[in-house]
Every structure is written in structure tokens, then in C-alpha cells.
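Okay, structure first, notes after.
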2 protein chains.
Amino acid sequence: MTQVTIKDLALNLGLSTSTISRALRNHPDINIETKKLVRAAALKLGYEPNIVARNLKTKYSNQIGIIIPEIKHDFFSKAISGIEEVAYNAGFTVIVSQSNEDEEREKINTNALYLHRVAGFIVSLSQTTQNIDHFKILIEKGVKIVFFDRVWEEDDLYKVVIDDFKASKDAVSHLISKGNRRIVHLAGPQILQNCRGRFEGYKEALEEAGIPFDENLVLHGGMHEDDGLKSIKQLIAQNIEFDSIFAVNDPVAVGATLYLKKMGIEIPGKVSIVGFSNNPITEYMSPSLTTIEQPAYEMGKKAAEVLISLIKGEDGFPEKKITLETNLIEREST
Amino acid sequence: MTQVTIKDLALNLGLSTSTISRALRNHPDINIETKKLVRAAALKLGYEPNIVARNLKTKYSNQIGIIIPEIKHDFFSKAISGIEEVAYNAGFTVIVSQSNEDEEREKINTNALYLHRVAGFIVSLSQTTQNIDHFKILIEKGVKIVFFDRVWEEDDLYKVVIDDFKASKDAVSHLISKGNRRIVHLAGPQILQNCRGRFEGYKEALEEAGIPFDENLVLHGGMHEDDGLKSIKQLIAQNIEFDSIFAVNDPVAVGATLYLKKMGIEIPGKVSIVGFSNNPITEYMSPSLTTIEQPAYEMGKKAAEVLISLIKGEDGFPEKKITLETNLIEREST
DNA sequence: ATGAAAGCGCTAACAC
DNA sequence: GTGTTAGCGCTTTCAT
């Protein structure tokens, strides 16, 4: 594992390390012939730059740290691909780190990447994150951070989001247009700004249609399948009547669907359902699920663009908040 | 972004940098009182270790690089979680990097992580990888690499796998036990060792049951849904008769299911289907899919254990090849 | 166009 | 138990 260094090249060619360093990075001062010589020697001796040393010296890194709740969510894996696309083209490398929806892990991972001196962060908050001091401290130290999807509602943070309020309103209005009036909302953790937005959109759509808001139709739970399943089970056990469901995301909608099917309740005959995110499963399940298409890949790309522009300190600072469009995809469940 | 260094602490306390360094790492030589002093000062001044500098000095890193085809596959995201579990507990950090099934990208990413001097690699090969010279070169340089799932068939590599041959034999024997005789195999790229194993297991099961092998029933394609869909479409267009399907993985089985449903062909009435991997979707689709349970999380854990033991140079070298158990999960599709 | 020298922040012989 | 010193591999003034 003995490494060939710039010094070896220097010795080999009878040049100084500074000349080698410059030649390798194609510095304009260096004679073309010298560059050729250096490159040839580098190849011959199997030289490989030590990025760790370079980073130490330059206090600069080309690694972007991604902090997300869980890789397995289709939304996040697509977003990662978007980030990678942009990052690689700009010469950056990407490190992914999952918080597993755990605030503590989020802090630990963030700190680990910070100590490794990543160039910047792209973050989507965990469900259990009560405050973002661990990010604010870094921001104060000059670390560049861009939040996406699960962001913190504060004006001076960079973020890439969708209009959850509007998307949710679209979803619920769609249910109303189909003649539904008793619309259940399976809400997510209200600490998450996007879940709050979706709840507000739900209320707004009802109000616009003149349907009175009924607290009993709103169930608060998590973001996973079993949350949806349990909520609907409870609702039915309580004999609360409803004709449709708007779930905070697709997994929750899937859970609800499973329980209804198990109970032999027809979808959409007896109950209509709308999800949120357009996970692949929504297309293949039976009945296929009406849902909101969230531009995951695009969100990732945008977040990376903003971050890189921040890292490069480009003038014409990017906007603090970027909002991308969503679409309602109508399928069999409504 | 001015960093507080060990030197600042030394100056502040009137001690030498080496004492600070040792105190911080809890070196036994250092007086307990001194340690307390140093820690207090570190806290007060906001000292944060520069891991980049440490890594440069020690030529050691605690980052594990993961190279996988695509994060979005449920199998891989579960495996990553397994790796993380073990890695974090052993004080390692994990970097995930996807090849997107592209050999070129696999090489680039591997090299990028190598230049960053990661402590070792955990790798699952891309579908388009024709040879693994890019890994062998690193291994020769002393880099520790553990392959999992999609491995290269060579004795002296460390790998964590399942017995694809046996699992596939189980799957096909299950179809046979249900009375099927004309069993289609939707095979994966034969360059992948696990796909070859699954093909071999298919043949073996037929032979054991005395069913003649029919080349027309084997279709070679990719690992995605549309591959399964196209293959079955083609088969039906050619009027080739079959009573069941064994797909190389779940997405391919899902694609096949979609096309059969579209054509109004009953499952399992007319055609039975078995997949491979036990992706979540297999449980929720209709009909739910009989499949092979692959211990993704466990495979990740094992791979991480082997790698870490390799990195630490523990004696009692781990076995080169570790094989984990699989299970057939019977559902509605058979 | 090239070289000398200093230093990024840390660790680790080797002294004492 | 603590300090001195050198150096990991690289970049970067400042000379020449």
C-alpha cells in the first residue's frame, strides 16, 4: 500500500514538487513539454493524488453530504439520483447518510460528515426532529446547507419544496368533485412542515366547497403503511362514517387500502382513496391509487444546483426558496 | 469558518500539542486532571477534531465505501441498513455510491472513493460490468473489498451470498409440486453469477422431476419490470404454451403479472408465478406474489462484519465465502 | 517557467 | 506524564 507521491515524481524527473503539482493540475505557468513529461511519469509510476492531503491543504472538499430519513422511500432514492446527476457533472462526489427517522442519528451523521469537512449538505429532516439547532450551528460556522421536501419553516434557510398546501387541496378537491363529502384525512406528524401544509390544504378544499370541517375525520399518525392501516381500523371500529380518504402519503394510503380490502369494502365503490407521492407501487396495486406526483428527481437536481452555487460562492445568490410543480394522477381508486 | 485547533488549546493551556492530542484521545499516559482541563478547554473554545488531518497522518480512515447498482431496489436499501448497523457500532461511517448499473460509473465512483482513502469497500456489481479489473487492482494495492449478492465467481475474493442455485431450485420445485410442467424462466443477464445460479437451479429442478428442458421456455432479459412484461408479451405472441413462470427477480415477475392481467389471463388459475427477493410490493399486489425471501439486511450485516474484521487485520481471517439461507414464501400467485 | 520553503492539523517516535 | 520534533502529501506564496 505504499503510495507514489508527488515527491517521487519530482525525484524521478529532477524537478521540484511544486512544478509537479502545478503540471498535474494543468497550471498555465508550466511548460507544455514539462507537463507531458510529468504526466507520462505519473502514469508510469502509478501516481494517484491523495485527495485527503489536498483537502487538508486547501480546506476545500468536493464531497456533498446528503442527510435523509430513509433511503428505501422511492421519493428519496429518486431525489438522490437527481442530486448525483448534477453533482457529478460539477465534479462533486456524493455521500448518502440515513437518519432512519431518528433525530439522534441525524445529529450524529451530520456531525460525522461535518468533521470530514464535506463541502456542503443537502438535508431532508427526520420525522422525530424537534429542532434544527444541529444544522443552525453549522450554518453559523459557514457550512452551506440546502433543505428539501421535509424542511424547516424559516425564511433564511435555503430550501427546495413543493407546494404541499396546493397539492393537497387539489387532491381533496378531486375527491369532492367525485361527489365525496365525508373525507377522512390521515395526517402525518405535524412537526413536519409538509405534513402541516397538507393538512391545511385539506381544510382549505373543504371550506371552498362549503363542507364543514369535522375533527373526527382527521387522524394523526406516522408515515408508514401500518399507520394507515391502524387509523382506518380504528375509524371503522368507532363506527364513524366516511366516503373517502386523503392520506398524507402513499404508504399510508396503501395501508388503508389493505384494511378496507380485508374488510371487503369496495374501492372506489364505497370508499375512494387518494395518496401522495406517486410511488411505483401505486400503479401496480389493485385498485391502482390516485395520487399526487411529486417531482423527486427534479427536487434533487434543484437542491444540488443551489448547493453547488452556494459552495462556489457564485454571485447572484440563488433564491432562498424554490417551489416545484405537482400533478394529480387519477387512477382506479377514485 | 476559522477552526479551533489543537494548537489553540495548547496555547490556551500552556501545554504542548502532543499532550492535547493524547488527552483528547484519552491516552493512558496523560494525567487525569490534565485530561479534564483539556476537555473543558476544548468545549469552551469549541474545538472540533479535523478528521481529514488525522486521516492524512495516520493513513487510516473510518469510512466504508458501498458500491451498489441502484439504491432504489428494496434489496439494496435493506442491505445498506444492515451495513450501517454494524458499521456505526464499530465506529465506522458509511458512504453510499450507486453505479446505476453502469460499469463506467462503477469505476469512476470506486476510484473517487479510493482516492478519498476509504478504509474498505462493500460491493455489489453492476449488470453491465464485464470484468472486475478495477477492483482487482485495488485489492492488489491492499484495499479491502467484500462483495455481496452480485459477486464475481473467483475463489480468492471475499463474498457474502445466498445459494441462488438452491433457492431457485426450491422455487421451481414448488411450481412443479403444484402440477406445473411447462415452466417459463425469465432469466437475468448471465454475466451476473447469481443469475447464472438461478438458471442452473431451474434446470436442476426440472431434471429432478424428469421434465425435459425446453429452450423455448427460457427468455433472457434484464432485471426490471418492463423486461418481464416484454418477455411474456413476446412469448404469447409466439403462441408458446406455458403454465407457469419463474422470474429471476420480483420486478420481472411484477412485469409479467401486469401483462397477464392485462390479457385477462388468470393467476394462478391459468398461469402461476414465482418471483425472487420478497420485495414489499409482492405482498401488496394482486394477486400477491409467491417469492424467495432473501436476507438482505443480514447480508449487509455480514458483509460489514467481514470487511471490518479485514480492516482491523484480525487474526482468524473470516471465511472467504459466506452463504446465507433463503426461504420460499408462498402467496396467491401459485 | 521553475524552485525553496512554509504550513494545513494532526499524530507519534523519541527524549526527558 | 509531558515536550520536542518531524512529517503525512499536498498547495502556495515568494523568490529567482
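Order of the sequence lines fixes the chain letters, A, B, ..., with proteins taken first and strands second; residue numbering starts at 1 for each chain.
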With the side chain defined as heavy atoms from C-beta on, A/Leu56 is closest, among D/dG9, C/dT11, D/dC10, to D/dG9
So, using side-chain contact (heavy atoms from CB on, under 4.5 Å) as the criterion, who are the partners of B/Ala40 when residues are at least two apart? none
Residue list, ring-ring contact (aromatic ring centres under 6.0 Å, His included) with A/Phe147, at least two apart or on another chain: A/Phe135
For A/Glu154, enumerate each residue passing the salt bridge (Lys or Arg N to Asp or Glu O under 4.0 Å) test, keeping only those at least two apart in sequence or located in another chain. A/Lys136
Please indicate whether B/Asp155 has more than 12 foreign heavy atoms, meaning atoms of other residues, nucleotides or ligands, lying under 6.0 Å from its CG. no
Checking the side chain of A/Thr58 only, and the main-chain atoms of A/Arg54 only, is there a donor and an acceptor separated by less than 3.5 Å? yes
Distance check needed: C/dG7 P versus B/Gln3 CD, whole Å only. 17 Å
Distance under 6.0 Å and angle within 45° of ring axis: B/Arg117 vs B/Tyr114: yes
What donor-acceptor contacts under 3.5 angstrom involve side-chain atoms of residues 62-74 of chain A, with partners at least two apart or in another chain?
residue : atom : partner  : partner atom : Å
A/Asn62 : ND2  : A/Gly91  : O            : 3.3
A/Glu70 : OE1  : A/His73  : NE2          : 3.0
A/Glu70 : OE1  : A/His224 : NE2          : 3.3
A/Asp74 : OD2  : A/Lys78  : NZ           : 3.0

Can you tell me the distance, in whole Å, between the OH atom of B/Tyr60 and the C1' atom of C/dC10? 16 Å
Could you state the CG-C1' distance from A/Asn55 to C/dC10, rounded to the nearest angstrom? 15 Å
Is there any protein nitrogen or oxygen under 3.5 Å from a nitrogen or oxygen in nucleotides 13-16 of chain D, and what are the pairs?
none

Side-chain atoms of B/Ser21 come closest, of C/dT11, C/dG9, D/dC10, to C/dT11
Rounded distance in Å - CZ (B/Arg54) to C1' (C/dC8): 16 Å
Would you mind reading off the distance between A/Ile6 atom CD1 and C/dT2 atom P, rounded to a whole angstrom? 15 Å
Please state how far atom CG in A/Leu9 lies from atom C1' in C/dG3, giving the value in whole angstrom units. 16 Å
For D/dT4, take OP1 and OP2 only and decide whether either is under 4.0 Å from a side-chain N or O of B/Ser16. no
B/Glu298: which residues meet the salt bridge (Lys or Arg N to Asp or Glu O under 4.0 Å) condition with it, sequence neighbours left out? none
Using heavy-atom distances to pick each residue's nearest nucleotide on DNA chain D, tell me which of B/Thr58 and A/Thr17 is more 5'. B/Thr58
Counting only non-hydrogen atoms, which of residues 43-53 of chain A are less than 4.0 Å from DNA chain C? none
Could you pull out all residues at least two apart from B/Glu85 that satisfy salt bridge (Lys or Arg N to Asp or Glu O under 4.0 Å)? none
Taking the side chain as C-beta and beyond, is there a heavy-atom pair between B/Asp8 and B/Tyr47 under 4.5 Å? no
Does atom NZ of B/Lys320 have more than 12 heavy-atom neighbours, drawn from other residues, nucleotides or ligands, at distances under 6.0 Å? yes
Partner set under salt bridge (Lys or Arg N to Asp or Glu O under 4.0 Å) for A/Glu104, not counting sequence neighbours: none
Nucleotide nearest B/Leu15 (side chain, heavy atoms from C-beta), chosen from C/dA12, C/dG3, D/dG3: D/dG3
Rounded off to whole Å, could you give me the CG-to-P distance for the A/Asp8 and D/dG9 pair? 9 Å
Lys/Arg N to Asp/Glu carboxylate O, B/Lys302 vs B/Glu319, below 4.0 Å: no
Given axes from five pairs at either end, by how many degrees does the helix from C/dA1-D/dT16 to C/dC16-D/dG1 bend, rounded to 10°? 40°
Salt bridge (Lys or Arg N to Asp or Glu O under 4.0 Å) between A/Glu48 and B/Lys141, worked out: CA-CA 12 Å; A/Glu48 279 156 344; B/Lys141 289 181 182 157; 2.6 Å; yes
Between C1' of D/dG7 and NZ of A/Lys7, the distance in whole Å: 9 Å
Going by number, which of residues 24-36 of chain B have a non-hydrogen atom under 4.0 Å from DNA chain C? B/Arg25
Taking N and O atoms by type only, does the side chain of A/Lys57 place a donor or acceptor under 3.5 Å from a partner on the base of D/dG9? no
A/Thr19 side-chain N/O to C/dG3 phosphate OP1/OP2 under 4.0 Å: yes
Kindly list each side-chain donor-acceptor pair under 3.5 angstrom involving residues 28-38 of chain B, sequence neighbours excluded, with atom names and distances?
residue : atom : partner : partner atom : Å
B/Asn31 : OD1  : B/Glu33 : N            : 2.7
B/Lys35 : NZ   : B/Asn26 : OD1          : 3.0
B/Lys35 : NZ   : B/His27 : O            : 2.9

